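Below, read A as the first sequence line, B as the second, and so on, with proteins coming before strands; counting in each chain starts at 1. Note that the coordinates shown come from a computational prediction; the quantities given were computed from them, not determined experimentally.
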There are 2 protein chains.
Amino acid sequence: MSHSVQNNEERLDLIFQALANRTRRALLARLKRGPAMVTELAKPFGMSLNAVSKHLNVLERASLINRSIEGRVHTCTLIPATITTAEKWLGANRPARPNEVNALQKDLESVSED
Amino acid sequence: MSHSVQNNEERLDLIFQALANRTRRALLARLKRGPAMVTELAKPFGMSLNAVSKHLNVLERASLINRSIEGRVHTCTLIPATITTAEKWLGANRPARPNEVNALQKDLESVSED
DNA sequence: GTAATGCTCAACCGTTTGGTTGACAATGGA
DNA sequence: TCCATTGTCAACCAAACGGTTGAGCATTAC
């Protein structure tokens with residue numbers, strides 16, 4: 001494919017961009033309940049199958065889902081590890097919460113000990 | 001402003017879209033270390049101040065940052081709660097991990113108890 | 001064999017994005 | 001007062017987004 005040559009920033013770009021659309025988030029929410037075929041995924045949305053197919057492409061390029069083809073049925077599966085990648089970035093870039101700050105301050109106090 | 005009329009999906013759209021750009025993620029990473037003025041934020045990036053100002057607008061509309069004006073200096077501050085909003089969505093839409101599944105299965109077994 | 005199903009690809013189209021430049025308003029320092 | 005600093009706004013531009021329609025290719029059912 002030669003598409004998979006991505007550094008971490010590129011991966012995060014693709015992941016967050018894929019998440020930045022409510023249809024795609026709804027697709028992921030559905031897939032959390034288990035794998036599903038494309039027409040099944042498309043059913044709840046008031047848009048063409050083609051549009052949903054495009055959204056699935058975006059999710060696939062972001063490695064948020066996998067597709068396995070069996071006959072004419074394409075089954076989509078969530079890739080939880082990619083969601084974890086996004087969670088990790090957020091966790092690393094959210095400042096410590098008050099109680100965490102308190103804990104950190106206690107640590108600092110116990111070190112300086114003046 | 002009349003801009004702040006947003007339901008949850010709109011808010012998530014704005015948040016994830018704001019996160020879907022490496023310059024903006026770098027800005028947030030910088031702001032995690034504390035508030036900063038606009039020129040200071042712009043310094044590390046090879047682009048015009050105007051471009052950075054636009055990025056800050058995107059972050060502000062997503063409620064990821066705040067701006068306080070004092071004289072001619074606009075100071076930007078991170079809003080951690082909004083990052084938490086994104087984290088919550090991800091946490092709710094990542095399937096349970098194996099150990100969590102085990103815990104859940106144990107719960108179920110202890111209930112049905114046949 | 002024919003028809004329906006499942007899905008993708010390609011082309012198109014209006015809107016948004018991410019950058020630029022130029023002008024300008026307001027503040028602060030000389 | 002004059003000038004540098006700080007930052008925004010507006011207009012412009014190419015590229016990407018998010019949808020559409022139409023065509024077409026496998027696969028399965030009849």
Under 4.0 angstrom between [X] side-chain N/O and [N] OP1 or OP2:
| X | N | answer |
| --- | --- | --- |
| A:S48 | D:dG19 | no |
| A:S53 | C:dC7 | no |
| B:N57 | D:dT8 | no |

Measure the distance from [atom1] on [X] to [atom2] on [N] and round it to the nearest whole Å.
| X | N | atom1 | atom2 | answer |
| --- | --- | --- | --- | --- |
| A:R24 | D:dA16 | CZ | C1' | 12 Å |
| A:K54 | C:dG6 | NZ | C1' | 19 Å |
| B:N21 | D:dC17 | CG | P | 12 Å |
| A:L59 | C:dT8 | CG | P | 12 Å |
| B:L56 | D:dG7 | CG | C1' | 11 Å |
| A:L14 | D:dC17 | CG | C1' | 14 Å |
| B:R22 | C:dT17 | CZ | P | 18 Å |
| A:H74 | C:dC7 | NE2 | C1' | 5 Å |

task = For the residue pair A:T77 and A:L31, establish whether any side-chain heavy-atom pair is separated by less than 4.5 Å.
result =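 A:T77 vs A:L31: side chains apart.
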key: Close side-chain approach of B:T84 and B:E87, heavy atoms under 4.5 Å   =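 Yes, their side chains come closer than 4.5 Å.
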message = Within the 3.5 Å criterion, strictly below it, is a donor on B:H55 or B:R24 matched to an acceptor on the partner's side chain?
response =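 Yes, a side-chain donor-acceptor pair sits under 3.5 Å.
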request  = Indicate yes or no for a side-chain donor-acceptor contact from A:R25 to the backbone of A:L19 under 3.5 Å, with no hydrogens or angles considered.
outcome  =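 Yes, because the side chain of A:R25 sits within donor-acceptor range (under 3.5 Å) of the backbone of A:L19.
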Can you tell me which nucleotide in [options] comes closest to the side chain of [X]?
| X | options | value |
| --- | --- | --- |
| B:R72 | C:dG28, C:dC9, C:dG18 | C:dG28 |
| B:A51 | C:dG19, D:dG19, D:dC17 | C:dG19 |
| A:L49 | C:dG18, D:dG7, C:dT8 | C:dT8 |

request  = Report the residue (B:V73 or A:A20) whose heavy-atom-nearest nucleotide on DNA chain D is the more 5′ of the two.
outcome  =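 So the residue in question is B:V73.
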message = Closest-nucleotide mapping onto DNA chain D: is A:G71 or A:Q17 further toward the 5' terminus? I mean the 5' end.
response =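 Comparing both residues, the 5'-ward one is A:Q17.
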inquiry  = For the CZ atom of A:R72 and the CE atom of A:M37, what is their distance to the nearest 0.5 Å?
reply    =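 Reported to 0.5 Å precision, the distance equals 8.0 Å.
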task = State the OG1-CE distance between A:T23 and A:M47, to the nearest 0.5 angstrom.
result =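 Answer rounded to 0.5 Å: 3.5 Å.
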key: Sub-4.0 Å heavy-atom contacts from residues 27-44 of chain B onto DNA chain D, ordered by number   =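 Correct list: B:M37, B:V38, B:T39.
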key: Distance-only donor-acceptor test (3.5 Å): side chain B:N50, base C:dG22   =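 Indeed, a donor on one side and an acceptor on the other fall under 3.5 Å apart.
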ask   = Salt bridge or not for B:E40 and B:R30, using N-O below 4.0 Å?
value =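 Looking at B:E40 and B:R30, the cut-off is met.
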